[in-house]
Amino acid sequence: MFQPEYEKRLLRGVAGGRKEYLDLRCIPTRAGNQWSRNFALAPVDSSECESSLYSCLLRNEFLDENITSLENCKQSTQVHAQSEEFKQPHNNRIFGFAKGSSPPVRTPFANISESSQRLLSISKIPVRRLPRRPYKILDAPELQDDFYLNLIDWSSKNTLAVGLGCSVYLWSAVSGQVTRLCDFNNEDNLVTAVSWHGEGRQVAIGTQSGYVTIWDAEQQKQMNRLDGHSARVTALAWRGNRLASGSRDRSILQRDVRNPPTHITRCLRGHKLEVCGLKWSPSNRYLASGGSDNRLLVWTDDWPEPIYAFDEHKAVVKALGWSPHKSGLLASGGGSTDQCLRFWNVHTGKLVQCINTGAQISNLAWARDSRELVTTHGYAQPQVIAWRYPSLKQVARLTGHTQRVLHLSVSPDNESIVTGGADETLRFWTVFTKQQTSKDPNSGLSLFQGIR
């Protein structure tokens with residue numbers, strides 16, 4: 001049973017048969033309070049400091065500030081603390097209480113300012129910290145220092161293929177075993193590109209001489225040899241059993257590896273110089289190609305000419321990547337005299353976004369489970385950068401290569417990447433994470449979080 005309100009008061013005495021009580025209820029008194037100073041100097045525990053959204057709301061509602069972002073809140077806190085630091089000590093309590101008044105009524109339905117409403121609409125973005133150092137480093141002697149080549153690829157069966165000099169080596173990420181798959185030393189023929197089939201058993205190898213070989217990695221046996229190019233093959237891209245190859249002879253050949261080696265399905269000619277980048281869209285409808293003519297072309301099966309030819313880049317276009325989250329969104333990166341990361345909508349043919357990264361872009365890759373991407377860089381800053389899209393805020397800068405980063409591939413679980421540099425090392429980084437399903441409300445601060 002709940003006692004009546006007057007039973008909670010302290011009995012002061014009995015006079016003339018009448019009980020008298022002393023009212024000990026406390027209510028806040030606002031007269032003489034220095035709100036800005038007391039709020040800035042009030043002790044706050046570390047957990048509240050880490051999540052300052054509540055602090056921002058209090059400032060908006062009690063101090064009539066106009067804070068709409070957490071960054072503005074941090075700046076405001078520093079200003080108040082510095083301005084009051086050298087004043088004479090005062091009572092640091094935010095609220096003062098007086099006897100004999102009733103406590104305020106608390107309701108989650110009270111009207112709040114527009115600034116606070118904007119703060120409440122901010123979604124909770126989990127903060128994650130990326131390791132700044134690679135978790136594994138492997139020596140890669142004879143890894144060529146050539147920007148146009150594509151010499152590493154990670155298979156769906158967790159095996160890494162690496163082209164070193166005239167040979168291709170396989171490294172198992174499970175057992176750590178290294179196997180030499182093939183060797184072209186007797187022809188003095190350098191490996192210029194490697195690419196795994198989607199099932200992870202067959203690997204295509206491009207060569208300096210202009211032909212492509214298909215190998216069975218499990219049986220370590222050559223299955224096919226595809227001729228047709230008159231110069232080195234520097235880019236390969238699978239679409240099912242169909243393989244596209246780009247060459248210094250400026251052509252792109254498409255073939256079905258199940259057909260006789262001499263059978264060429266399509267020959268695409270649109271670049272004026274070497275083709276060094278090829279990527280199929282997730283829907284397999286579009287093929288993007290980049291070249292040393294600074295052009296980015298987009299092709300479809302039902303048209304012999306490129307449907308789009310983008311000329312905005314001012315240097316070689318090798319780095320290409322299709323977003324797995326938004327249909328028709330293509331990212332491209334330019335070389336040393338361009339340094340720009342650009343995003344295109346191939347449904348409309350329009351440039352969506354552009355940012356200057358400050359360094360040559362050699363490769364890029366999208367995260368499968370989060371709206372992020374990673375870029376690798378050469379001149380003048382050899383590094384790896386993880387970006388959040390579409391804000392294009394940097395998640396992390398990873399350094400370690402002593403010379404430009406030329407090659408990139410993503411692990412089958414899409415959490416790690418491997419980079420190859422002109423310093424003849426392979427470095428393995430943890431960059432992407434699997435997106436966790438949050439049980440918390442979408443709002444940055446839920447008024448009903450503690451209610452069952």
Side-chain angles (χ1 to χ4, degrees), residues 146 148-151 153 155-156 161 163 165-168 170 180-281 284-293 297-307 318 320:
D146 191 327
Y148 302 93
L149 307 186
N150 294 275
L151 294 177
D153 197 24
S155 79
S156 59
C166 298
S167 304
V168 173
L170 304 181
R180 186 165 69 175
L181 177 65
C182 60
D183 183 15
F184 303 105
N185 272 299
N186 58 338
E187 306 174 24
D188 196 21
N189 191 12
L190 292 172
V191 174
T192 52
V194 295
S195 180
W196 284 99
H197 185 275
E199 295 180 355
R201 178 167 181 170
Q202 299 177 8
V203 59
I205 302 171
T207 65
Q208 183 79 21
S209 299
Y211 64 81
V212 178
T213 58
I214 311 297
W215 287 74
D216 186 315
E218 294 181 359
Q219 297 183 3
Q220 299 185 22
K221 178 181 178 181
Q222 179 176 318
M223 302 174 60
N224 217 336
R225 169 172 165 159
L226 308 176
D227 294 294
H229 288 293
S230 59
R232 68 177 187 176
V233 177
T234 50
L236 297 166
W238 288 91
R239 182 179 64 170
N241 290 312
R242 296 185 179 183
L243 179 66
S245 57
S247 170
R248 181 178 272 181
D249 65 10
R250 301 171 292 177
S251 70
I252 301 171
L253 300 183
Q254 295 184 25
R255 290 174 275 210
D256 191 321
V257 297
R258 297 168 297 184
N259 293 333
T262 57
H263 181 74
I264 298 175
T265 306
R266 295 184 72 193
C267 179
L268 307 177
R269 296 187 179 274
H271 287 281
K272 300 176 182 178
L273 293 173
E274 183 171 19
V275 181
C276 54
L278 285 176
K279 279 291 187 300
W280 286 103
S281 66
N284 289 327
R285 180 181 178 185
Y286 302 102
L287 175 65
S289 63
S292 56
D293 55 359
L297 307 182
V298 180
W299 310 79
T300 59
D301 284 339
D302 51 3
W303 197 252
E305 301 294 328
I307 60 172
K318 176 194 174 187
L320 300 172

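Excluded from the calculations below are hydrogen atoms, water molecules and symmetry mates; all remaining heavy atoms, backbone and side chain alike, are included. The first residue in the sequence is number 1, and the count goes up from there.
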Which value, rounded to the nearest 0.5 Å, describes the distance between [X] atom [atom1] and [Y] atom [atom2]?
X    : Y    : atom1 : atom2 : answer
L273 : R250 : CG    : CZ    : 7.5 Å
T265 : N259 : OG1   : CG    : 6.0 Å
R201 : S155 : CZ    : OG    : 12.5 Å
L149 : L190 : CG    : CG    : 8.5 Å
W215 : K221 : CH2   : NZ    : 10.5 Å
T192 : R248 : OG1   : CZ    : 9.5 Å

Looking at side-chain heavy atoms only, is the closest gap between R258 and H263 below 4.5 Å? no

Is there a side-chain contact between S251 and H229 in this structure, where contact means two heavy atoms from C-beta onward sitting under 4.5 Å apart? yes

Strictly by modelled atom types, are S289 and W299 linked by a side-chain donor-acceptor pair under 3.5 Å? yes

Give the minimum heavy-atom separation between [X] and [Y], together with the two atoms involved.
X    : Y    : answer
L243 : A204 : CD2-CB, 3.9 Å
P304 : R266 : CA-NH2, 3.7 Å
G228 : L253 : C-CD1, 3.9 Å
S156 : G198 : OG-O, 3.0 Å
L226 : V257 : CD1-CG1, 4.5 Å
G163 : V191 : CA-CG1, 4.0 Å

Any chance you could lay out the side chain to side chain contact (heavy atoms under 4.5 Å, CB included) test for K318 and N150, step after step, and finish with the verdict? CA-CA 9 Å; K318 176 194 174 187; N150 294 275; 3.4 Å; yes

Could you go through C166 and E187, starting from their C-alpha distance and side-chain angles, then the distance that decides it, and tell me whether this counts as side chain to side chain contact (heavy atoms under 4.5 Å, CB included)? CA-CA 9 Å; C166 298; E187 306 174 24; over 6 Å; no

Which side-chain N or O atoms in residues 233-240 pair as donor and acceptor under 3.5 Å with protein atoms at least two apart or in another chain?
from : atom 1 : to   : atom 2 : distance (Å)
T234 : OG1    : V275 : O      : 2.6
W238 : NE1    : S195 : O      : 3.1
R239 : NH1    : N284 : O      : 3.0
R239 : NH1    : D301 : OD2    : 2.8
R239 : NH2    : D301 : OD2    : 3.2

Check against side chain to side chain contact (heavy atoms under 4.5 Å, CB included), V168 and V203: CA-CA 10 Å; V168 173; V203 59; 5.7 Å; no

Determine yes or no for a side-chain-to-main-chain donor-acceptor pair under 3.5 angstrom, with [X] supplying the side chain and [Y] the backbone.
X    : Y    : result
S292 : E274 : yes
S247 : R232 : yes
D293 : H271 : no
N189 : S209 : yes

Would you sort out whether C182 and I205 count as a side chain to side chain contact (heavy atoms under 4.5 Å, CB included), showing the intermediate values? CA-CA 10 Å; C182 60; I205 302 171; 3.4 Å; yes

Take a 6.0 Å sphere around CG of N185 and say whether it holds more than 12 heavy atoms from other residues, nucleotides or ligands. yes

